[in-house]
Amino acid sequence: MSSIARVQRIVKVPKSYFWERLLKFDDIGSLLPDNIEKVECSSNEIGSLRYITLSEITGYPGEVIERLEGISGDSYFVYSVIDKSWLPFTNYVSCVSVKEVSSSESEVCWYSHWKADGLAENKVQEMLEGFYELIFSNAEKQYQEKN
């Protein structure tokens with residue numbers, strides 16, 4: 001049975017801004033600049049692989065391979081981790097939904113299914129939800145700095 005991590009909240013950026021950031025599959029490092037050392041990705045198309053090198057600050061430094069699984073319209077984005085590597089979970093699949101609330105706010109729900117492996121389920125959930133919340137906060141901060 002898989003576990004779930006989920007963060008849903010109003011993000012203080014326009015939907016188009018957040019959606020464009022998601023579609024840049026090769027640019028996840030800009031949303032987590034302290035946590036990601038390097039990203040290698042050949043394209044932003046469905047089926048693309050991205051090789052992410054996580055930094056020491058994450059507690060799990062090393063490479064993770066992710067695949068862009070699907071995009072539906074301008075609201076749903078799905079990706080997965082395709083290797084086990086050293087992460088404390090397996091079978092990770094994540095979906096991000098983005099809805100417009102106003103011209104300057106979006107409702108974003110980032111959730112994932114996975115199976116804990118090497119760390120307690122609640123600790124994996126806390127870790128993943130912390131990453132999602134950090135992405136939201138960084139997007140807000142970067143948008144404010146840009147405008």
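Computation of the quantities below employed the complete heavy-atom set of this structure, encompassing side-chain atoms and omitting hydrogens, waters and symmetry-equivalent molecules.
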Task: Pairing of E69 and R67 as salt bridge, 4.0 angstrom limit - done: yes

TODO: Considering non-hydrogen atoms only, spot the tightest contact between E63 and D83 and give its length.
DONE: O-OD2, 4.1 Å

Task: side-chain contact (heavy atoms from CB on, under 4.5 Å) assessment of T58 paired with M127 - done: CA-CA 9 Å; T58 65; M127 177 184 73; over 6 Å; no

Open item on the list: Under a plain distance cut-off of 3.5 Å, with no hydrogens placed, do W110 and S94 share a side-chain donor-acceptor pair?
Closed with: yes

Task: Under 3.5 Å: donor-acceptor pair, side chain of S55, backbone of N35 - done: yes

Open item on the list: Would the distance check show the side chain of N44 and the main-chain N or O of F25 forming a donor-acceptor pair, the cut-off being under 3.5 Å?
Closed with: yes

TODO: Please answer: with hydrophobic residues joined when any side-chain heavy atoms are less than 4.5 Å apart, are I82 and Y51 in the same cluster?
DONE: yes

Open item on the list: Using a 6.0 Å cut-off, check whether atom OH of Y111 has over 12 heavy atoms from anything other than its own residue.
Closed with: no

- [ ] Give me the one residue out of T90, L87, N91 that meets side-chain contact (heavy atoms from CB on, under 4.5 Å) with V81.
- [x] L87

Task: Pair S106-Y17, side-chain donor/acceptor within less than 3.5 Å - done: no

Open item on the list: Please tell me whether E121 and S3 have a donor and an acceptor in their side chains that are separated by less than 3.5 angstrom.
Closed with: yes

Open item on the list: Checking Y79 against Y92: is there a side-chain donor and acceptor pair closer than 3.5 Å?
Closed with: yes

- [ ] Using the rule that two of Ile, Leu, Val, Met, Phe, Trp, Tyr join whenever any of their side-chain heavy atoms come within less than 4.5 Å, decide whether L49 and F77 are in one cluster.
- [x] no

Open item on the list: If hydrophobic clusters are built by linking Ile, Leu, Val, Met, Phe, Trp and Tyr wherever their side-chain heavy atoms come under 4.5 Å apart, do I52 and L134 end up in the same one?
Closed with: yes

Open item on the list: Quick test of your reading of the model: are K15 and E107 salt-bridged, counting only N-O distances below 4.0 Å?
Closed with: no

Open item on the list: For E145, I'd like to know if atom CD has over 12 heavy atoms of other residues, nucleotides or ligands within 6.0 Å.
Closed with: yes

Open item on the list: Quick one, L54 with W86, criterion side-chain contact (heavy atoms from CB on, under 4.5 Å). Give me CA distance, side-chain angles, the key distance, then yes/no.
Closed with: CA-CA 11 Å; L54 297 175; W86 36 263; 3.5 Å; yes

- [ ] Could you tell me whether K12 and E140 have a side-chain N and a carboxylate O separated by less than 4.0 Å?
- [x] no

TODO: Give the C-alpha distance, both sets of side-chain angles, the deciding distance and a yes or no for side-chain contact (heavy atoms from CB on, under 4.5 Å) between W114 and V124.
DONE: CA-CA 9 Å; W114 41 271; V124 174; 3.5 Å; yes

Open item on the list: If we check side-chain contact (heavy atoms from CB on, under 4.5 Å) with W19, which of these qualifies: V96, I71, V108, V13?
Closed with: I71

Open item on the list: Less than 3.5 Å apart, any donor N or O on the side chain of R6 or Q125 sitting next to an acceptor on the other?
Closed with: no

TODO: Report whether V98 and L32 are members of the same hydrophobic cluster (ILVMFWY, side-chain heavy atoms less than 4.5 Å apart, transitive linking).
DONE: yes

TODO: Kindly say whether E133 contributes a backbone atom to a donor-acceptor pair with the side chain of S137 at under 3.5 angstrom?
DONE: yes

Open item on the list: Please determine whether residues I36 and I57 belong to a single hydrophobic cluster, defined as Ile, Leu, Val, Met, Phe, Trp and Tyr linked transitively by side-chain heavy-atom distances below 4.5 Å.
Closed with: no

Open item on the list: My understanding is that only residues two or more places apart in sequence, or in another chain, count here; which of them pass side-chain hydrogen bond (donor to acceptor under 3.5 Å, both in side chains) with S48?
Closed with: S43

